[in-house]
Trainee: 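Pasting a structure below so you can have a look.
Every chain is numbered from 1, with letters handed out A, B, ... down the list of sequences. Since this is a predicted model, take the numbers as computed values, not measurements.
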2 protein chains.
Amino acid sequence: MSTRAPRQPQRRRPTRSGVLLSEELITDTALRLIGEHGPEALSVRRLGAALGCDPSALYRYFRNTDDLLLAIADRIIGDAMDGFTPGPDWVASLREMASRVRAGYLAHPRAAAMAAYRVTRRENEIRAVEAGVGLMLSAGFPPPEAVRLYLAFIDTVLSHAALDASCVALPRQQREADQRAWTEAYQAVDPEAFPALTTVRGELRRLGESSFDEAVDLLLAALAARAPGKAART
Amino acid sequence: MSTRAPRQPQRRRPTRSGVLLSEELITDTALRLIGEHGPEALSVRRLGAALGCDPSALYRYFRNTDDLLLAIADRIIGDAMDGFTPGPDWVASLREMASRVRAGYLAHPRAAAMAAYRVTRRENEIRAVEAGVGLMLSAGFPPPEAVRLYLAFIDTVLSHAALDASCVALPRQQREADQRAWTEAYQAVDPEAFPALTTVRGELRRLGESSFDEAVDLLLAALAARAPGKAART
DNA sequence: ACTTTGCGTCAATGCTGTTGACATAAGGCG
DNA sequence: CGCCTTATGTCAACAGCATTGACGCAAAGT
């Protein structure tokens with residue numbers, strides 16, 4: 001393959017503005033750009049400008065923008081999972097994984113919204129998969145089920161975290177308007193046509209809140225109920 | 001607001017090629033374009049070409065491409081839930097809702113991927129919430145819990161559907177590369193450092209599949225286990 | 001028939017990612 | 001130390017993108 005992009009350049013040369021480029025510096029700057037000016041602020045040209053280098057220099061470090069995006073995603077994963085070690089209680093450990101992923105995504109909401117559904121196939125992601133699958137195995141699930149259930153778990157966590165991140169990434173006004181909608185627009189529905197909504201009218205504001213914890217709790221409860229260790233006890 | 005885009009033009013004039021434009025014709029053609037030539041085929045220019053009009057004519061009907069995508073998304077929701085009526089079996093009904101949402105999203109993945117995280121607070125959405133909350137109430141959950149659990153359910157369904165749609169919406173090459181990652185990059189890991197991955201190595205390709213059904217099943221199982229009707233029987 | 005004005009068309013602007021040629025300096029080697 | 005290779009930053013160019021403002025035609029209202 002002649003077109004591969006070297007991950008670790010050996011002959012780094014300062015740019016016109018004196019900066020020494022590196023994969024880490026580039027992803028850092030990209031995350032800062034996205035955080036400050038929104039996801040649409042991330043373009044090769046703007047990133048080059050922010051780094052003080054020619055835009056095309058980035059192609060010495062990443063094959064294309066998708067490759068760059070995956071690197072950013074992997075970095076978020078790495079930051080979130082930094083220092084995590086699975087404990088003996090597999091349910092509690094999975095819950096902590098979920099919590100960490102969510103925190104990592106919320107720390108970079110706009111970048112997370114772009115990268116949540118990608119497979120980075122890089123170091124940090126691989127380590128996270130190892131930890132999650134290991135927990136499923138330690139719960140007593142046989143390999144095929146362990147993989148399937150881990151996937152269901154991590155997809156729920158990732159997609160819920162992305163959902164939360166997307167909401168946080170919305171402009172302030174729009175987010176508040178969405179929140180108000182539940183306590184305003186939905187209060188005035190016709191009782192005849194919408195009996196259920198009328199019954200729960202006082203609780204509807206909860207629809208604007210995050211369901212992350214509830215969903216994770218439900219999923220972990222279902223997993224615990226299905227775990228072989230549990231069945232063996234009866 | 002002086003820049004609003006009229007939804008129902010009053011003086012339609014045939015284009016150079018003789019077509020009478022309309023919002024419906026435009027969304028139809030957009031969905032057809034996506035369906036026939038892949039998600040990346042949707043651009044203002046190509047859409048104009050497919051319609052036989054100048055690209056800029058579309059701006060008489062939609063403020064911008066985002067507005068166009070929302071119109072498409074609204075249509076997808078309506079189509080997906082068309083004809084749905086909750087039945088007596090609340091678990092089966094919720095499962096059908098989930099299935100319908102997913103099918104609707106997957107039929108038009110790119111539009112769905114972009115619009116999934118928004119609150120439309122329009123007619124179709126309100127009807128869906130009414131149906132879902134009604135099912136939770138019929139399961140015996142008191143109002144506060146019914147709302148919380150419905151939210152956890154629908155967020156899981158929506159975000160999983162969006163996850164699936166996002167993968168399908170990826171350009172072909174990227175999607176295949178993501179899929180290949182599980183059977184290539186993940187096969188070669190060091191057995192010492194990654195014992196769990198090594199154990200389940202043969203099953204890893206499942207990580208590229210959708211976890212939608214598994215996640216919905218787990219969630220519905222947890223809901224059924226928590227339903228008051230069930231507890232009353234013991 | 002005349003006026004108003006909605007709407008399709010044209011041309012132009014400033015973005016975007018990506019590539020190939022080029023030059024220059026880093027680092028190995030004598 | 002000085003030469004050579006080549007990695008790497010720079011430059012210029014291309015095709016495609018969304019969007020906009022001016023313009024003129026034709027449809028609708030009177």
Side-chain angles (χ1 to χ4, degrees), chain A residues 1-26 29-30 33-34 37-72 114, chain B residues 1-26 29-30 33-34 37-72 110-111 114 170-171 173-174:
Chain A
M1 192 75 70
S2 63
T3 59
R4 80 187 177 82
R7 292 285 173 198
Q8 290 301 133
Q10 304 123 358
R11 287 192 196 174
R12 303 193 322 178
R13 178 165 36 145
T15 72
R16 182 161 285 267
S17 64
V19 186
L20 270 185
L21 294 180
S22 70
E23 185 175 338
E24 196 180 10
L25 178 64
I26 294 173
T29 308
L33 258 186
I34 295 172
H37 304 102
E40 62 276 10
L42 185 63
S43 74
V44 180
R45 297 171 126 86
R46 268 196 274 254
L47 187 49
L51 283 162
C53 71
D54 189 90
S56 61
L58 301 176
Y59 289 87
R60 303 280 181 205
Y61 294 81
F62 303 97
R63 263 179 293 282
N64 48 39
T65 48
D66 190 63
D67 193 30
L68 168 61
L69 183 67
L70 292 183
I72 294 172
M114 302 180 0
Chain B
M1 195 73 70
S2 62
T3 57
R4 83 187 172 82
R7 290 283 172 199
Q8 289 302 132
Q10 302 122 358
R11 288 193 194 175
R12 303 191 322 178
R13 182 171 26 149
T15 71
R16 181 164 284 268
S17 64
V19 186
L20 271 184
L21 293 180
S22 69
E23 184 175 336
E24 197 180 8
L25 177 63
I26 294 172
T29 308
L33 257 187
I34 295 173
H37 303 102
E40 61 273 15
L42 185 62
S43 76
V44 180
R45 297 170 124 84
R46 271 195 272 253
L47 185 50
L51 282 163
C53 71
D54 189 272
S56 62
L58 301 176
Y59 290 88
R60 303 282 180 203
Y61 294 82
F62 304 96
R63 265 179 292 281
N64 46 44
T65 47
D66 193 61
D67 192 30
L68 167 62
L69 276 161
L70 286 183
I72 295 172
R110 195 195 191 193
M114 298 187 67
L170 282 178
Q173 279 186 331
Q174 284 170 33

Trainee: State whether the number of non-hydrogen atoms from other residues, nucleotides or ligands found under 6.0 Å of Glu24(A) atom CD is greater than 12.
Mentor: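 12 or below, so no.
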Trainee: Looking only at heavy atoms, which two atoms of Ala30(B) and Leu42(B) are closest? And how far apart?
Mentor: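 Result for this residue pair: CB-CD1, 3.9 Å.
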Trainee: Taking OP1 and OP2 of dG9(D), is either one under 4.0 Å from a side-chain nitrogen or oxygen of Thr15(A)?
Mentor: no
Trainee: Closer than 4.0 Å, any side-chain N/O of Tyr59(A) to the OP1 or OP2 of dG20(C)?
Mentor: no
Trainee: Starting at CZ of Arg11(A) and ending at C1' of dG9(D), how long is that distance when rounded to a whole Å?
Mentor: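 So the CZ-C1' distance, Arg11(A) to dG9(D), works out to 13 Å.
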Trainee: Check this for me: does the side-chain of Arg45(A) come within 3.5 Å of the base of dC15(C) through a donor and an acceptor?
Mentor: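 Between dC15(C) and Arg45(A), which were checked side chain against base, a qualifying N/O pair under 3.5 Å is absent.
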Trainee: Please report, rounded to the nearest Å, how far the C1' atom of dA27(D) is from the CG atom of Leu20(B).
Mentor: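 It is 11 Å, rounded to the nearest whole Å.
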Trainee: In whole Å, what is the span from the CG atom of Leu68(B) to the P atom of dC17(D)?
Mentor: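 For the pair Leu68(B) CG and dC17(D) P, the rounded distance is 15 Å.
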Trainee: Please report the distance, rounded to the nearest Å, between CZ in Phe62(B) and C1' in dT19(D).
Mentor: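 It works out to 16 Å between those atoms.
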Trainee: Under the side chain to side chain contact (heavy atoms under 4.5 Å, CB included) criterion, do Leu51(B) and Thr15(B) qualify, and how do the steps go?
Mentor: CA-CA 9 Å; Leu51(B) 282 163; Thr15(B) 71; over 6 Å; no
Trainee: Using a distance-only criterion (donor-acceptor N/O pair, under 3.5 Å, no hydrogens), is the base of dT24(C) paired with the side chain of Arg13(A)?
Mentor: yes
Trainee: Between Arg16(A) and dC11(D), is there a side-chain N or O to OP1/OP2 distance below 4.0 Å?
Mentor: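 Yes, because at least one side-chain N or O of Arg16(A) sits under 4.0 Å from OP1 or OP2 of dC11(D).
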Trainee: Spell out yes or no: do the side chain of Arg60(B) and the base of dG8(C) have one donor N/O and one acceptor N/O closer than 3.5 Å?
Mentor: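 Check passes, donor-acceptor contact within cut-off.
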Trainee: Compare every heavy atom of Leu21(A) with every heavy atom of Arg12(A), then report the nearest pair and how far apart it is.
Mentor: NH1-O, 3.0 Å
Trainee: Leu58(B) has an atom CG; how far is it from atom C1' of dG8(C), in whole Å?
Mentor: 11 Å
Trainee: Whole angstroms only, please: what is the CG-P distance between Leu69(B) and dC17(D)?
Mentor: 15 Å
Trainee: Round to the nearest Å and state the distance from Glu23(A) atom CD to dT8(D) atom C1'.
Mentor: 16 Å
Trainee: Quick one: which of dG9(D), dT18(C), dT9(C) gets closest to the side chain of Leu21(A)?
Mentor: dG9(D)
Trainee: In whole angstroms, how far is the P atom of dC22(C) from the CG atom of Asp54(A)?
Mentor: 17 Å
Trainee: Please compare Pro55(A) and Ser56(B) by the position of their nearest nucleotide in DNA chain D and report the one closer to 5'.
Mentor: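 Of the two residues, Pro55(A) wins.
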Trainee: May I ask you to verify if any side-chain N or O of Arg12(A) is less than 4.0 angstrom from the OP1 or OP2 atom of dG27(C)?
Mentor: no
Trainee: Can you see which heavy atom on Val44(B) is nearest to which on Pro55(B), and at what distance?
Mentor: CG1-O, 3.6 Å
